[in-house]
Amino acid sequence: RKDTLRIAQSYSGIGSVYSDLGDNEQALEYMQKALDLSIILKQKKGEAAIRNNIAGVYKDLGSIERAFHNVRIAERLNQESGNDYWLSINYTMFSDLYSKLYKMDSARYYLFKANEFTLKEGSTNDSIDMFRKTGIYYFKVDSVEKALNMFNQGILISRKLGSLKSEANF
């Protein structure tokens with residue numbers, strides 16, 4: 001059981017690397033292996049995390065309905081297990097998906113819902129990511145001033161951390 005869990009985690013990590021490299025087919029192959037093992041092991045938190053990652057790959061592929069399907073299951077699993085951190089990540093994914101569909105009211109709802117958790121319990125890196133995503137949202141709804149404000153706040157935090165990578169993402 002412990003070895004199977006480690007194998008699932010390894011598959012998930014390999015899938016994430018392929019996703020970062022833009023090889024979505026390979027990413028899905030490894031993430032599906034990880035998902036299958038997580039389901040066998042009845043690891044709800046692991047299944048939820050993997051499903052959210054799979055949703056991200058489907059989003060990148062433009063398969064929005066498949067992305068929604070996976071993130072909805074992840075949301076339910078995270079609600080059942082009380083995993084608020086990953087639930088906030090699910091909300092961020094919902095926001096990204098609705099934004100892709102230009103359903104900006106729904107995108108805003110989920111973005112601000114994720115931000116509530118980030119403000120209470122998130123890490124500094126989570127805050128930086130939320131400033132970037134909120135800036136993108138405001139830019140899309142034609143509020144350039146608010147977008148620039150969000151981007152500038154994120155850049156300031158990135159500089160305080162000394163994170164050129166975070167700063168470069170703005």
Side-chain angles (χ1 to χ4, degrees), residues 1-101 107 110-111 113-115 117-118 121-137 154-155 157-158 161-170:
R1 183 169 166 85
K2 200 180 247 186
D3 288 342
T4 305
L5 178 59
R6 286 190 182 126
I7 292 168
Q9 291 167 336
S10 295
Y11 283 151
S12 180
I14 293 168
S16 292
V17 169
Y18 277 118
S19 177
D20 289 345
L21 293 172
D23 188 342
N24 291 320
E25 296 306 319
Q26 285 285 68
L28 284 174
E29 180 182 327
Y30 280 94
M31 288 179 185
Q32 187 62 53
K33 289 178 183 182
L35 179 62
D36 293 343
L37 292 175
S38 292
I39 291 169
I40 289 168
L41 294 170
K42 296 180 173 62
Q43 293 283 325
K44 285 186 178 184
K45 287 182 179 181
E47 179 185 347
I50 294 163
R51 283 191 180 278
N52 197 77
N53 292 340
I54 289 172
V57 174
Y58 280 129
K59 178 189 74 161
D60 292 345
L61 289 170
S63 185
I64 302 301
E65 284 309 310
R66 284 181 145 176
F68 269 118
H69 171 76
N70 279 281
V71 77
R72 284 183 184 117
I73 294 170
E75 177 190 31
R76 180 182 47 79
L77 292 168
N78 284 319
Q79 287 170 335
E80 289 172 3
S81 63
N83 192 353
D84 289 341
Y85 178 77
W86 271 93
L87 192 56
S88 74
I89 292 173
N90 297 148
Y91 295 151
T92 302
M93 179 61 70
F94 278 125
S95 177
D96 290 348
L97 293 171
Y98 281 118
S99 183
K100 278 246 189 225
L101 297 173
Y110 282 104
L111 179 64
K113 197 167 177 151
N115 199 31
F117 175 85
T118 302
E121 301 181 39
S123 70
T124 304
N125 285 331
D126 293 333
S127 295
I128 292 169
D129 190 46
M130 290 308 297
F131 279 120
R132 186 178 58 75
K133 287 183 180 291
T134 305
I136 291 167
Y137 164 79
I155 288 169
I157 294 172
S158 298
L161 283 178
S163 175
L164 290 175
K165 180 181 177 187
S166 293
E167 188 175 346
N169 281 326
F170 284 94

How far apart are the closest heavy atoms of [X] and [Y], and which atoms are they?
X	Y	result
Ala114	Ser88	CB-O, 3.4 Å
Ser99	Ala107	N-CB, 3.7 Å
Gly46	Ser38	C-OG, 4.1 Å
Ala8	Ala34	O-CB, 3.3 Å
Lys45	Ser81	CG-OG, 3.8 Å

Working to the nearest 0.5 Å, report the span between [atom1] of [X] and [atom2] of [Y].
X	Y	atom1	atom2	answer
Ser12	Ile7	OG	CD1	13.5 Å
Ile157	Arg132	CD1	CZ	13.5 Å
Leu37	Lys33	CG	NZ	9.5 Å
Asn70	Leu35	CG	CG	7.5 Å
Arg51	Ile39	CZ	CD1	5.0 Å
Asn115	Asp129	CG	CG	10.5 Å

Heavy atoms, side chains only, cut-off 4.5 Å: are [X] and [Y] in contact?
X	Y	result
Tyr18	Leu28	no
Phe94	Glu75	yes
Met31	Ser16	yes
Ile54	Arg66	no
Thr92	Thr118	no
Asn78	Asn52	no
Lys44	Asn83	no

Parallel, tilted or perpendicular: rings of Tyr110 and Tyr98 (30°, 60°):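 Tyr98 vs Tyr110 ring planes: parallel.
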Hey, does the side chain of Ser95 reach the backbone of Tyr91 with a donor-acceptor pair shorter than 3.5 angstrom? no
For the backbone of Phe131 and the side chain of Thr134, can you confirm whether one donor and one acceptor N or O come within less than 3.5 Å of each other?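 No; zero donor-acceptor contacts below 3.5 Å.
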For Lys100, the side-chain hydrogen bond (donor to acceptor under 3.5 Å, both in side chains) test, sequence neighbours excluded, returns none
For Arg76, check side-chain hydrogen bond (donor to acceptor under 3.5 Å, both in side chains) against everything at least two apart and list the hits. Glu80
Side chain to side chain contact (heavy atoms under 4.5 Å, CB included) between Ile14 and Gln26: does it pass, once the steps are laid out? CA-CA 9 Å; Ile14 293 168; Gln26 285 285 68; over 6 Å; no
Check the surroundings of atom OH in Tyr85: do more than 12 heavy atoms from other residues, nucleotides or ligands lie under 6.0 Å from it?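 It does not: Tyr85 OH has 12 such atoms or fewer within range.
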Hey, mind stepping through Met130 and Leu111 against side chain to side chain contact (heavy atoms under 4.5 Å, CB included) and telling me if it holds? CA-CA 8 Å; Met130 290 308 297; Leu111 179 64; 3.4 Å; yes
Going through the checks in order, is the side chain to side chain contact (heavy atoms under 4.5 Å, CB included) test met by Thr4 and Ile40? CA-CA 9 Å; Thr4 305; Ile40 289 168; 5.8 Å; no
